[in-house]
Asker: 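One structure, as structure tokens, below. Some questions next.
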Amino acid sequence: MVFENIKSEIENWMKKVLLHYDINEKDINIEITEPPLKEYGDFSCNLAFMLSKILKKNPFEIAKDIVNNILPNFKDKDNEKSLIETVSVEKPGFINFALDIKKFLKIFFSNMPSITQMPKYGNIQELILIEHTSVNPNKALHVGHIRNAVIGDCLYRLLLSTGHNVKVLNYVDDSGLQVADIIVAFKYTEIPFGEENIDGTTKKFDHYCGNYVYVKINEMYSTRPDLEIKRKIILKELENPNTEVSNFTQQIVKRVLRDQLKTCWDLKCHYDIVNFESQIIQSDLWNKIFKILKEKQIIQFETSGKNIGCWVFKSKTEGDKVLVRSDSTITYFAKDIPYAIWKLGYIENPFELEFFSQQWDDTNLYQTTLKNRKRKEISNEHQLINFDIKKVITIIDYRQERLQSLLVEILIKLGIEKTKYNYLGYEPVTLSNKTAELLGFNLKNKKSTQMSGRKGIFIEADDALNLLMIKSCEEISKRNEHLSGREVSQIAKEIAISSIRYYFVKHDIGKMITFDINDSLSLEGDTGPYIQYSYARGKRIFNKIDNKNYYLDGIKLTDLDLDLDLTEIELVKQLCKFSTTIKESVNNTDPKLVARFLFTLSTLFNNFYEESPILKEVENKKSIRIKILYSTLLIMENCMNIIGITPLEKM
RNA sequence: GGGUCCAUAGUUCAGUUUGGAUAGAAUGGCUGCCUGCGGAGCAGUUGGUCGAGGGUUCAAAUCCCUCUGGACCCGCCA
């Protein structure tokens, strides 16, 4: 807020300068930026460079002219309320502005409640649907899946806390090849169906399926071609809800799903609905959509060429895509169309919602079920169609992006606005050479190794969490001898989660991550625990303060009190950037910005902590520092909530 | 073959959308700082031809072209 106002103040001046030169402000993109060095002031403007092109003059001369001759005409008039103290010209032609620090601080201290508050600007009548996680239910989550879940969950938290109406879907592909693989294994091979692992230890069922069954069956295909035929039959049978295979598969899927969700809940991810691919297929959705696609001539029946006998979508940019094969079965891609339209609420909802489970945050998770089945306890709590669905955001592996763009092409032809259906593609997580070697895969002359569920090359999410738990427990015990084992492990869990979640949001979504089991799971430096530690130190001080209210509200500050140290001013400036950062993060659908902001804030706070003692100060100086401390804690809490890391009082 | 993306310090990454001043963090290495509000910290130091070459510009890590190296997409698989 504060910074935004100052920037627009400068911008208004610059517009007046343009008037003076008789130049239309639309012809020039005025930029107010923050300069790299303190000597250059607090804000900087590129106007002179822009004008030099039009006026055909040296930018330095223009800048001098603006600052010495033009600007004083109107700047001096509103000098009283202006937060800008000095304006100067620098080398090539920058116009720099320095803040009147005391005025700035005065505004900060008198507006603390609004500066520390989450900016709210969502419309509660408009629903935003986020789909994330969506892991095939034949394995446990590995670190790549965490990237998906954490990005999706942070986005959910970001939108929710800025006043939007958001619901989260977890889409379960319970009728695909990967599930069919483990069903083949259980039904047609010696591979035992049970919770006992081969070595006799009990393991989570999702680990057993992914780590052993799935890898094993994929090895077997090369020597047992009959199994691949069985798989094809199973895939076909899964389209019919009344087959024995379907029932059996549902049992397996739900069991794996519950184990997967345990991991997600350990990571503090929230969901509202689990929905299933098999139900999309078994519902009448496809037939309805198929009819419309034909009527609107969005797809064509091929009578010649390589796709003879198929229904295809002819994309201008991507070429031909088969939706219905010549044997009248539908392709993987086609299945996504009714699903997308269902999510957008453009078709009558064939599903009802039924209680599935209680979650870690005491909310209910619902599952979709097909109507027309007699069931008890149908819940009306989530009626998707009651809301105007503003948009759908799907978090996907970027390798799916091309299919999604095709899908959007079709949606647009169906008359759906382009802005409603969004997909956020993230690059995969790969393993560092050292980590790949630890797993027994030594791939030389490669920088990193792609994970593969089929080959068993992956680091499981639960293992990563456990490793961090162990590390954290050691550290906590070192520092807190009196804590019980139970308390230690509770705190350790929060630290482990924070390390993992922060790690996966801080990276750019469009860049590959090289995951290293040692370096990536760290508790020091640019990490979640560093942020928690900074918070804990601050909170510790705050708890020790007597008469908090007196220092927060009871002292009237004068100009003389506002003579602050550099570290204090830097921290206050960062606090003032809070709401702008949040808005930028929402506008760019990029939770990373919050993570980066939070880390910088923590660093500045640690500097403040080192240099500005609080408890031993008195009166006005103490009051100033307590106010800064208090607002830092509030803003940290807000940001930590978005990233999904818990503020701790001891660790 | 057609297309998309990536390359920045020993390592892992910001910065590229919208060109701007001496390219930033973290980690690693080296060196200091706990009778102090918690040392999971702080301060200092080391470390870069921003893959290569050309172009546009007053100004290029950022925009354009070429090349090199790498990842991925392009199926009547899912």
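Below, each value reflects all heavy atoms present in this structure, side chains not excepted, and no hydrogens, waters or symmetry copies. Each chain gets a letter, A, B and so on, in the order the sequences are listed, and its residues count up from 1.
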Asker: Stems involving RNA chain B: give each as a range paired with a range, ordered by first number, where a stem means at least three consecutive Watson-Crick or G-U wobble pairs under 3.5 Å.
Answerer: B:1-7 with B:68-74, B:10-13 with B:24-27, B:28-33 with B:41-46, B:51-55 with B:63-67

Asker: Which nucleotide sits closest to the side chain of Arg402(A): C73(B), C76(B), G15(B)?
Answerer: C73(B)

Asker: When you measure from the side-chain N and O atoms of Lys57(A) to the phosphate of C58(B), is any distance below 4.0 Å, counting only OP1 and OP2?
Answerer: no

Asker: Would you please indicate if the ring centroids of Phe333(A) and Phe313(A) are separated by under 6.0 Å?
Answerer: no

Asker: So, are Arg231(A) and Glu228(A) salt-bridged, with charged N and O less than 4.0 Å apart?
Answerer: yes

Asker: Which nucleotide wins on minimum distance to the side chain of Asp173(A), given the candidates C5(B), C72(B), A78(B)?
Answerer: A78(B)

Asker: In this structure, how many angstroms lie between the P atom of G20(B) and the CG atom of Asn58(A), rounded?
Answerer: 20 Å

Asker: Which nucleotide sits closest to the side chain of Tyr398(A): U18(B), C72(B), A78(B)?
Answerer: C72(B)

Asker: Glu568(A) and Arg625(A): which non-hydrogen atoms are nearest, and at how many Å?
Answerer: OE2-NE, 2.7 Å

Asker: Taking atom types as modelled, find out whether Tyr214(A) and Asn136(A) have a side-chain donor-acceptor pair closer than 3.5 angstrom.
Answerer: no

Asker: Do the side-chain N and O atoms of Asn607(A) and Glu570(A) include a donor-acceptor pair separated by under 3.5 angstrom?
Answerer: no

Asker: Reading nucleotides 21-34 of chain B 5' to 3', which nucleotides get B (base under 4.0 Å from a protein heavy atom), which S (sugar-phosphate only), which -?
Answerer: BB--SSS-------

Asker: Polar atom pairs between nucleotides 36-38 of chain B and protein, under 3.5 Å, N or O only, would you list them?
Answerer:
from: C37(B); atom 1: O3'; to: Lys544(A); atom 2: NZ; distance (Å): 3.4
from: C37(B); atom 1: O2'; to: Tyr609(A); atom 2: OH; distance (Å): 2.6
from: C37(B); atom 1: O2; to: Leu615(A); atom 2: N; distance (Å): 3.4
from: C37(B); atom 1: N3; to: Ile614(A); atom 2: N; distance (Å): 2.9
from: C37(B); atom 1: N4; to: Tyr609(A); atom 2: O; distance (Å): 2.7
from: C37(B); atom 1: N4; to: Ser612(A); atom 2: O; distance (Å): 2.7
from: C37(B); atom 1: N4; to: Pro613(A); atom 2: N; distance (Å): 2.9
from: G38(B); atom 1: OP2; to: Lys544(A); atom 2: NZ; distance (Å): 3.1
from: G38(B); atom 1: O2'; to: Tyr533(A); atom 2: OH; distance (Å): 2.4
from: G38(B); atom 1: O2'; to: Arg537(A); atom 2: NE; distance (Å): 3.4
from: G38(B); atom 1: N7; to: Arg540(A); atom 2: NE; distance (Å): 3.3
from: G38(B); atom 1: O6; to: Met651(A); atom 2: N; distance (Å): 3.2
from: G38(B); atom 1: N1; to: Met651(A); atom 2: O; distance (Å): 2.9
from: G38(B); atom 1: N2; to: Met651(A); atom 2: O; distance (Å): 3.4

